[in-house]
Amino acid sequence: MQLTILCGLKSYAKCLTLEKLAHNGGYNYYDEEDCLPPNNECIPGGPNEIWNSLDLDKVAESINQDSSLVPVELSEDAGRYLCEYTYYTGIYQDPHTIFVHVPPLNNPYSLEDLTKTLRQIAIACLKSIKTPSAKSKNTKSKYLMSLNLPEFGDIHLLLYADDIAIIGFEPFRKMPTNPSWQVVEILGKEGVDDSIKLVTQEVPVCYAKVSSILPQLLEQHKPQVVVLCGFSHMATTLVLEKVAHNQGYCTKDSEGCLPPDGECCHNGDCKLCSPLDLNMVADSINQDSSLVPVILSQDAGRYLCEFIYYTVLKQGYPAVFVHVPPLDGPYSLEALAKTLRKIVQACVRSVKSPTS
């Protein structure tokens, strides 16, 4: 990883803030599970503070010279809470790590303004790295961003370009991790191949947030193909869903809510089918005995998996939903990721006329 950019919300911030250092001790605020770190510190025996090795003064100066960007200020107090705790942990392991505090949305800067400026911050930071770390197998620069915005839940972005979007769900129903996102994370880190550029994102298990996040994500990146991944405790192998229905969403999400009238889109089509040749995709996978078998389905479950699938298809994008089985079954995380990589490649081949 050449550069890691961590981001967190700062409720009273009026612009973007670059944190110049992180402290090891003094974490006296309880987290959302009413816990504190042992001895109120990040790493036992770690240095009291770690200063960022990048030239953040120069980064801030370069941003503030462009009036089209959100202003940036520098800080030496990241708050002694999860933001600074994460920052210290990250910078302790990799000096090419920065933390950016993000202000509330539309107060006065839009999500698009903030994203545009974060992109320029990433570029400026990469320029300030004198000796880049060893390149990964995918030689394109990686900008790993982890945003925590209350309006949009937990979001993890690996920004390459705008060709393929792979989306997975965060943990739900007391699961410590969501296998679908674990599989997507591997592809985000390792890539698919040099011809495919990825945008990966984790979304919350919440109808309202999905409805808010997805249109903006798709509009921003305009992906050629969208691969959606979700967990199915009943699955025994990978499942390609061929159809998404508009109505019948009667199971409450992680926030105890249902979509209005139990449907995705008011007056929308009863069902939408994937425009991808999923029969061909499944055949190509199942001909390779080294891959996890794939089956086809026309019932995605009428929960967040099918809701997000319908939402993407309604936007007109070629898409497929892949249900991932439990990891305690016969297939390892690595085997599932290897097969998902092949599914992505097959989906790209099946697109005859990419969206603009």
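The chain is numbered in sequence order, starting from 1. Note that this is a predicted model, so its numbers are computed, not measured.
Judged by distance alone, the side chain of Tyr92 and the main-chain N or O of Gly46 form no donor-acceptor pair under 3.5 Å. For the pair Asp77 (side chain) and Gly79 (backbone), a donor-acceptor distance under 3.5 Å is present. A donor-acceptor pair under 3.5 Å is absent between the side-chain atoms of Ser212 and the main chain of Ala208, judged by distance alone. Although no hydrogens or angles enter the test, the distance criterion places no donor-acceptor pair under 3.5 Å between the side chain of Ser297 and the main chain of Val239. Within the 3.5 Å criterion, the main-chain N or O of Glu263 finds no donor-acceptor partner in the side chain of Asn246. With Lys189 contributing its side chain and Ile186 its backbone, the two residues share no donor-acceptor pair below 3.5 Å. Side-chain atoms of Asn286 come within 3.5 Å of backbone atoms of Val294 as a donor-acceptor pair (strictly under, hydrogens ignored). A side-chain donor-acceptor contact under 3.5 Å links Asn52 to the backbone of Leu54.
Rounded to the nearest 0.5 angstrom, Leu340 CG and Leu291 CG are separated by 11.0 Å. How far OG1 of Thr97 is from CD of Glu19: 14.0 Å, rounded to the nearest 0.5 Å. Within the model, atoms CZ of Arg341 and CD of Gln345 stand 7.5 Å from one another, a figure rounded to the nearest 0.5 Å. Thr117 OG1 to Asp66 CG: the interatomic distance, rounded to the nearest 0.5 Å, is 8.0 Å. With rounding to the nearest 0.5 angstrom, the CD atom of Glu73 is 14.0 Å from the CD1 atom of Ile63. How far CZ of Arg80 is from CG of Asn24: 9.5 Å, rounded to the nearest 0.5 Å.
A single hydrophobic cluster is seen to contain both Val59 and Leu74, as judged by linkage of ILVMFWY side chains at heavy-atom distances under 4.5 Å, directly or through other members. By the rule that hydrophobic residues join a cluster once side-chain heavy atoms approach within less than 4.5 Å of another member, Leu21 and Leu56 end up as members of separate clusters. Residues Leu296 and Leu228 fall within the same hydrophobic cluster, defined by Ile, Leu, Val, Met, Phe, Trp and Tyr side chains chained together at heavy-atom separations under 4.5 Å. Linking ILVMFWY residues whenever their side-chain heavy atoms come closer than 4.5 Å, directly or via other members, leaves Ile295 and Leu278 in distinct clusters. Note on Leu272: it does not cluster hydrophobically with Val243, by side-chain heavy-atom contacts below 4.5 Å among ILVMFWY residues.
The shortest distance between side-chain heavy atoms of Ser75 and His101 does not fall below 4.5 Å. Taking 4.5 Å as the limit, some side-chain heavy atom of Tyr331 sits within range of a side-chain heavy atom of Pro293. Within the 4.5 Å cutoff, no side-chain heavy atoms of Gln120 are placed close to those of Ser62. For the pair Lys242 and Asn279, the minimum side-chain heavy-atom distance is below 4.5 Å. Between Ile50 and Tyr88, the closest side-chain pair of non-hydrogen atoms falls below 4.5 Å. Proximity of Leu238 to Val324: side-chain heavy atoms (C-beta onward) are separated by under 4.5 Å at one or more points. Here the side chains of Asp253 and Pro204 are not in contact, with every heavy-atom distance at 4.5 Å or above. Considering only heavy atoms from C-beta on, Ile308 stays 4.5 Å or farther from Leu304 through its side chain.
For Lys314, the NZ atom sits in a packed shell: over 12 heavy atoms of surrounding residues, nucleotides or ligands are nearer than 6.0 Å. Heavy atoms from other residues, nucleotides or ligands lying under 6.0 Å from OH of Tyr29 number 12 at most. Other residues, nucleotides and ligands place more than 12 heavy atoms under 6.0 Å from the NZ atom of Lys20.
In plain terms, the two heavy atoms of Tyr109 and Pro71 that are nearest each other are OH-CD, 3.2 Å. Summarising the geometry of Ser274 relative to Ala319, their closest heavy-atom pair is OG-O, 2.5 Å, with the distance given to 0.1 Å. Smallest separation of non-hydrogen atoms from Cys83 and Gly8: SG-CA, 4.1 Å. Summarising the geometry of Tyr27 relative to Pro37, their closest heavy-atom pair is CB-CG, 3.8 Å, with the distance given to 0.1 Å. The minimum heavy-atom distance linking Glu241 with Val320 is given by the pair O-CG2, 4.3 Å. Of all heavy-atom pairs between Pro44 and Cys42, the closest is CD-O, 4.1 Å.
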task = In sequence, state the C-alpha distance, the side-chain angles, and the governing distance for Glu306 and Tyr249, and then conclude on side-chain contact (heavy atoms from CB on, under 4.5 Å).
result = CA-CA 9 Å; Glu306 190 161 1; Tyr249 296 89; 3.1 Å; yes
task = Decide side-chain contact (heavy atoms from CB on, under 4.5 Å) for Ile5 and Cys125; before the verdict, give the C-alpha distance in whole Å, the side-chain angles of both, and the deciding distance to 0.1 Å.
result = CA-CA 9 Å; Ile5 301 181; Cys125 286; 5.5 Å; no
message = Could you go through His245 and Asp299, starting from their C-alpha distance and side-chain angles, then the distance that decides it, and tell me whether this counts as side-chain contact (heavy atoms from CB on, under 4.5 Å)?
response = CA-CA 9 Å; His245 295 86; Asp299 181 3; 5.7 Å; no
request  = Begin with the C-alpha distance, continue with both residues' side-chain angles, and end with the deciding distance and a verdict on side-chain contact (heavy atoms from CB on, under 4.5 Å) for Leu214 and Gln315.
outcome  = CA-CA 9 Å; Leu214 260 295; Gln315 298 288 320; over 6 Å; no
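Among the candidates Ile343, Val227, Val344, the single residue satisfying the side-chain contact (heavy atoms from CB on, under 4.5 Å) test with Val192 is Val344.
Taking the six-membered ring where tryptophan is involved, the planes of Tyr207 and Tyr303 are perpendicular, since the angle between them exceeds 60° and thus also 30°.
Using a 4.0 Å cut-off between charged side-chain N and carboxylate O, Arg349 and Asp277 make no salt bridge.
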